[in-house]
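So that the names make sense, note that chain A is the first sequence line, chain B the second, and so on, each numbered from 1.
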Amino acid sequence: MAKKYNNVLPGFNLSLGFTIFYLSLIVLIPLSAAFIKTSTLNLHEFWVAVASPRVVASYKLTFGASLIGASINAVFGLLTAWVLTRYTFPGKRIIDALVDLPFALPTAVAGIALTAIYAPNGWIGGMLAPHGIKVAFTPIGVVIALTFIGLPFVVRTVQPILEDLEAETEEAAASLGANRWQTFTKIIFPAIAPALLTGFSLAFARAIGEYGSVIFIAGNMPMVSEITPLIIITKLEQYDYAGATAVAVVMLVISFILLLGINGLQWWNSRRNSPAI
Amino acid sequence: MSGISTTQFSKYNARVAKSRATSEPTWVRWSLIATVLLFLSLFLFMPLAAVFTEALRKGFDTYISALADADALSAMKLTFIAALIAVPLNLVFGVAAAWAIAKFEFRGKSILITLIDLPFAVSPVIAGLIYVLIFGLQGWFGHWLADHDLKVIFAIPGIVLATIFVTFPFVARELIPLMQAQGKDEEEAALVLGASGWQILWRVTLPNIKWGLLYGVILTNARAMGEFGAVSVVSGHIRGMTNTLPLHVEILYNEYNYAAAFAVASVLALLALVTLVLKSIVEWYAARSACAVEQN
């Protein structure tokens with residue numbers, strides 16, 4: 001508080017006032033509507049809405065597929081970040097820019113494009129179909145879509161850390177007799193692990209709520225390939241507002257916990273890195 | 001001040017980095033590059049190529065007529081209207097929030113930053129749902145709106161609101177760290193020289209943050225024009241009335257009119273590519289101006 005009195009710049013009340021007003025109007029009050037609507041249900045009704053077998057099957061698919069998608073991105077995102085920071089090859093700058101495509105491409109476009117490729121008559125689906133592998137219209141399709149939309153997160157959180165790594169530590173490790181793999185596992189990986197975990201959580205959090213890219217490729221079969229956001233839409237279309245909102249509240253609470261976790265992770269990460277600077 | 005020796009040093013560094021001790025054997029390097037290219041082909045390049053090949057599969061005439069269709073044009077118009085309202089509002093909010101957070105100390109600041117991030121953590125479907133709960137027929141203001149013959153849900157205001165919600169944090173998130181890093185010395189100097197608050201904002205702060213601001217606007221605009229889930233819940237899918245471009249893609253696709261669906265999708269994909277190009281340009285300028293500041 002004392003610092004505020006020392007600050008001579010104008011506009012504090014106006015800017016903070018507008019920020020809180022706009023935040024409340026657009027985000028906080030509407031979000032609280034979901035919680036207030038759910039509180040009109042008694043415990044039994046709430047439980048029936050959020051724990052019926054069809055809804056539970058959708059949680060399993062949504063969280064399972066998000067976890068697999070985020071894991072694929074952790075491995076290949078790290079690899080992509082590594083290749084983009086350490087090596088030179090033709091077309092590198094264009095590829096670097098294209099990594100952000102899943103942020104920029106509308107999810108509906110991504111959804112129909114992935115379906116076109118992975119459907120049994122598509123470029124890749126057509127190669128897999130003779131071997132009895134179905135991708136589109138199965139849970140594997142959900143994983144494909146969730147991998148696509150989470151792709152930039154790991155690359156973009158790990159890349160700057162890899163760029164800033166001091167070459168000296170690696171040289172020191174090498175001069176002390178470590179081979180390349182030892183240097184990577186003992187020196188480089190511990191340094192990028194927090195960023196990798198942050199990128200993984202961001203990709204996971206994004207995947208849980210994703211709707212547009214999934215519904216085209218999933219096939220949307222109840223109990224098999226129906227994601228939780230689609231359950232909310234289905235309930236809404238049946239005018240089951242309270243039921244839709246109850247499921248939404250379950251997802252909101254999980255997302256808030258993830259957001260707090262990610263913020264905590266980034267805070268820990270910056271504290272861990274700052275003494276070195 | 002010692003530009004030449006730094007260059008020599010970095011050249012020396014580059015040579016060391018290429019030596020055997022701190023790099024991988026050539027075969028490892030190329031197999032890693034090949035793995036990454038294969039992964040990105042499966043997930044990035046092929047979907048992008050598929051949009052354009054599918055769009056042109058039935059020939060150029062079909063492509064053009066899908067885009068010149070009256071419903072497609074009105075969807076385009078609505079998409080632009082939504083972005084045209086959402087982007088400036090979130091831009092003003094982003095500057096105000098960043099000004100309060102970066103230039104002042106107050107209690108609850110980190111909570112405020114987390115709350116600004118909140119829309120990123122909310123599923124787009126839920127973003128649409130909460131506005132239905134408030135403005136829908138059974139919602140808080142449903143009766144009042146119906147009595148006054150006003151429509152928010154299944155109409156343009158709902159689409160705009162949902163778009164504002166999903167793009168809410170973008171500008172603020174770009175500006176807060178940028179303005180925190182810049183500090184407030186220049187603003188205080190301007191104040192001592194007699195500038196008013198608005199003069200400081202226009203002449204000192206905004207020129208300093210222009211690249212970050214532009215970057216945030218580009219991201220906001222891309223998301224605003226491409227949003228699907230949130231808009232889908234509040235739109236009601238009335239053709240020619242409350243359809244945005246992404247929703248139009250869905251309708252055409254569900255009608256098995258694939259060529260037209262991909263034709264409209266290709267417009268959105270082009271928009272995404274333009275976004276990536278602009279983003280790279282802004283990043284380049286931002287890095288250059290940051291270098292210029294350091295050299296001064």
Notebook entry, point to check: What do the steps show when you test A:Leu23 against B:Phe168 for side chain to side chain contact (heavy atoms under 4.5 Å, CB included), and what is the final call?
Noted result: CA-CA 9 Å; A:Leu23 179 72; B:Phe168 186 85; 3.6 Å; yes
Notebook entry, point to check: chain B: which of A:Phe184, A:Tyr22, A:Trp267, A:Phe18 shares the most heavy-atom pairs with it under 4.5 Å?
Noted result: A:Tyr22
Margin query: With a 4.5 angstrom heavy-atom cut-off, is it the side chain or the backbone of B:Thr275 that approaches chain A, or both, or neither?
Written below: side chain
Notebook entry, point to check: Is there a donor-acceptor pair under 3.5 Å between the side chain of A:Ser255 and the backbone N or O of B:Ala121?
Noted result: yes
Notebook entry, point to check: What part of B:Ile33 gets closer than 4.5 Å to chain A, counting heavy atoms only: side chain, backbone, both or neither?
Noted result: both
Next item on the list: Considering only heavy atoms and a distance below 4.5 Å, find which of A:Trp82, A:Trp123, A:Phe148 pairs most often with chain B.
Entry: A:Trp123
Notebook entry, point to check: Side chains of A:Tyr239 and B:Gln138: do they bring a donor and an acceptor to under 3.5 Å?
Noted result: no
Note to self: Just so I understand: if I count every heavy-atom pair under 4.5 Å between each of A:Ile72, A:Val249, A:Leu236, A:Thr147 and chain B, which residue has the most?
What the structure shows: A:Thr147
Margin query: Testing the basics here: between A:Ala108 and B:Phe228, what is the closest heavy-atom pair and its distance to 0.1 Å?
Written below: CB-CD1, 3.7 Å
Checklist line | B:Phe45, part contacting chain A, at a heavy-atom distance under 4.5 Å | finding: side chain
Checklist line | Close aromatic pair by centroid cut-off 6.0 Å: B:Phe106 and A:Phe12 | finding: yes
Margin query: Please give me the minimum heavy-atom distance between A:Leu259 and B:Asp117, naming the atom from each residue.
Written below: CD1-CB, 4.2 Å
Notebook entry, point to check: Any side-chain heavy atom of A:Ile36 sitting closer than 4.5 Å to one from B:Trp140?
Noted result: yes
Note to self: Show the nearest heavy-atom pair for residues A:Ile112 and B:Ala265, with the distance to one decimal.
What the structure shows: CD1-CB, 3.8 Å
Checklist line | Atom group of B:Phe165 that falls short of 4.5 Å from chain A, counting heavy atoms | finding: both
Check: Going by heavy atoms in the side chains, are B:Ile116 and A:Val27 under 4.5 Å from each other?
Finding: no
Next item on the list: Dump the intermediate steps for side chain to side chain contact (heavy atoms under 4.5 Å, CB included) on A:Tyr87 and B:Trp30, then the final yes or no.
Entry: CA-CA 9 Å; A:Tyr87 308 147; B:Trp30 282 104; over 6 Å; no
